[in-house]
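Report on the structure given below.
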Protein chains: 2
Amino acid sequence: MNDRVSTKTRILDVAERLFGEKGFDGTSLRDITAEAGVNLAAVNYHFQTKDSLIDAVIERRIAPVNRRRLEMLEAAGPNPAIEQVVEAFLVPVLECSLSPMVALMGRVLATPDQFVYRVFKKHLAAIAQRFADAVGAALPELAPAERLWRLHFMGGTMAHVLSWSHVLPEMTGGLCDPSDRKALTARLVSFLSAGFRAPFTEAH
Amino acid sequence: MNDRVSTKTRILDVAERLFGEKGFDGTSLRDITAEAGVNLAAVNYHFQTKDSLIDAVIERRIAPVNRRRLEMLEAAGPNPAIEQVVEAFLVPVLECSLSPMVALMGRVLATPDQFVYRVFKKHLAAIAQRFADAVGAALPELAPAERLWRLHFMGGTMAHVLSWSHVLPEMTGGLCDPSDRKALTARLVSFLSAGFRAPFTEAH
DNA sequence: GTCTATAGGTTGATAGAC
DNA sequence: GTCTATCAACCTATAGAC
């Protein structure tokens with residue numbers, strides 16, 4: 001067997017992929033251990049519970065992505081263009097090409113359930129304010145609530161793109177190809193930046 | 001007991017709500033029958049299998065929404081503004097206020113799994129081409145692939161808004177209130193229409 | 001149509017040998 | 001750290017009485 005990676009890492013890798021493909025409820029610990037070629041009891045030994053495994057799987061990927069996001073935000077300086085803010089949000093995820101992480105991230109964003117939400121919120125809190133501030137710096141005329149709404153819209157667009165990547169070519173008769181990350185990033189930045197710049201006056 | 005609604009309808013109603021709240025894998029038939037106050041075997045009698053129940057739950061809501069979408073598209077005439085196309089897509093779902101249907105729709109759009117996708121595609125196929133044509137009529141300079149990408153982006157934005165509605169107020173410290181449907185629709189139409197109008201030139 | 005009862009399989013988690 | 005064996009609970013689905 002390939003013992004160059006530890007049992008713990010093998011579990012994390014397989015769990016990441018299966019959670020992304022079939023969801024958290026749709027993946028059993030047995031699915032994971034079977035594919036990882038490890039014993040069922042190893043999961044409980046290394047991670048105690050399934051919830052705690054989910055937490056570990058998510059944490060391993062979100063933390064570096066958010067670090068990279070803050071780096072890009074900082075590199076954009078105190079007066080960023082909205083395009084730079086959007087890029088700082090998207091690129092750290094999209095640049096991971098077709099790694100299983102992408103499907104996992106999509107799944108996390110598309111699973112508004114109690115537990116997943118709690119894990120997600122823990123990591124979101126660390127960057128949400130920074131992005132809200134950055135949007136405010138780029139578009140100072142945008143009302144605070146509207147900033148948050150549009151950040152939420154951006155998150156949704158990204159989540160959907162990540163989640164449906166693997167079926168989009170078939171859905172569109174091959175017209176849309178999510179594997180071309182450069183083009184996809186350009187499309188998203190153009191669409192979302194225009195959305196952020198859209199006029200909005202509160203209905204009265 | 002309240003026998004003004006049939007067992008079959010009670011199952012559909014409760015299933016719709018629980019599927020929306022906890023997902024398809026996360027909801028057992030026992031969860032449904034317990035809350036509906038009906039016998040477990042009634043599900044199999046009326047719907048045969050769980051998958052077939054999921055199908056019925058989704059179909060019941062998607063069909064009228066899509067009918068309404070096509071009506072609005074038709075009412076917009078052969079030369080619609082992009083705002084009218086976006087509204088035709090969003091309003092038939094959003095106008096249902098906080099009904100359980102909203103969470104269900106979000107869940108369907110956020111569950112890219114084999115079975116749910118198959119059900120969803122069946123209903124999507126009937127309107128996707130019409131919306132692609134409508135976007136083409138509103139923005140003829142947009143390349144066909146770009147049209148589909150931006151429709152996909154719009155679907156993601158809507159899915160996310162629907163899915164996270166129930167936690168968004170808590171996530172934003174009360175700044176974002178999804179229950180004000182009029183304002184939410186206006187926000188989405190403004191954001192998305194601007195996105196559709198965004199310039200885009202293929203990277204080379 | 002609705003019920004009870006149950007089959008037959010899967011789940012997450014643990015105890016205890018090595 | 002890794003294994004086998006097992007528990008208790010849960011799952012979907014069905015058979016058969018009423």
Report task. Using a cut-off of strictly less than 4.0 Å, decide whether B/T7 has a side-chain nitrogen or oxygen near OP1 or OP2 of C/dT2. Result -> yes

Query raised in the report: Does any N or O in the side chain of B/R61 come within less than 3.5 Å of the main-chain N or O of B/E16, such that one atom is a donor and the other an acceptor?
Result: no

Requested in this report: For A/A42, report the nucleic acid contact type (base, sugar-phosphate, nothing); a contact means any heavy atom under 4.0 Å.
Outcome: nothing

Query raised in the report: Could you give the distance from OG (A/S165) to CZ (A/R181), rounded to the nearest 0.5 Å?
Result: 5.0 Å

Query raised in the report: In whole angstrom, what separates B/I32's CD1 from D/dC10's C1'?
Result: 15 Å

Query raised in the report: Which nucleotide in the set C/dT4, C/dT2, C/dA15 lies at the smallest distance from any side-chain heavy atom of B/A41?
Result: C/dT4

Report task. Could you work out which one of D/dC11, C/dA13, D/dT4 sits closest to the side chain of B/S28? Result -> D/dC11

Query raised in the report: Just by modelled atom types, is the B/S163 backbone N or O under 3.5 Å from a matching donor or acceptor in the B/R107 side chain?
Result: no

Report task. Send over the distance from A/K50 NZ to C/dA13 P, rounded to a whole Å. Result -> 8 Å

Report task. Could you say whether A/V38 or B/L29 is positioned toward the 5' end of DNA chain D, judged by the nucleotide with the nearest heavy atom to each? Result -> A/V38

Query raised in the report: If you draw a 6.0 Å radius around CD in A/E74, do more than 12 non-hydrogen atoms from other residues or ligands fall strictly inside?
Result: no

**Report entry** Interatomic distance, B/D25 CG vs C/dT11 C1' [rounded to whole Å]
**Finding:** 13 Å

Report summary line: Among C/dA13, D/dT14, C/dT2, the one nearest any side-chain atom of B/H46 is C/dT2

Query raised in the report: What's the CG-P distance between A/N44 and D/dC3, to the nearest Å?
Result: 13 Å

Query raised in the report: In whole angstrom, what separates A/R30's CZ from C/dT10's P?
Result: 9 Å

Query raised in the report: Can you tell me how far C1' of C/dT2 sits from NZ of B/K8, to the nearest Å?
Result: 15 Å

Requested in this report: Please lay out, stage by stage, how B/S28 and B/D31 fare under the test side chain to side chain donor-acceptor pair (under 3.5 Å).
Outcome: CA-CA 5 Å; B/S28 71; B/D31 293 337; 3.3 Å; yes

Report task. Output yes when at least one side-chain N/O atom of A/N39 is less than 4.0 Å from OP1 or OP2 of D/dG1, else no. Result -> no

**Report entry** Between D/dG16 (P) and B/L40 (CG): distance, integer Å
**Finding:** 18 Å

Query raised in the report: Nearest-Å distance, CD1 (B/I11) to C1' (D/dA13)?
Result: 14 Å

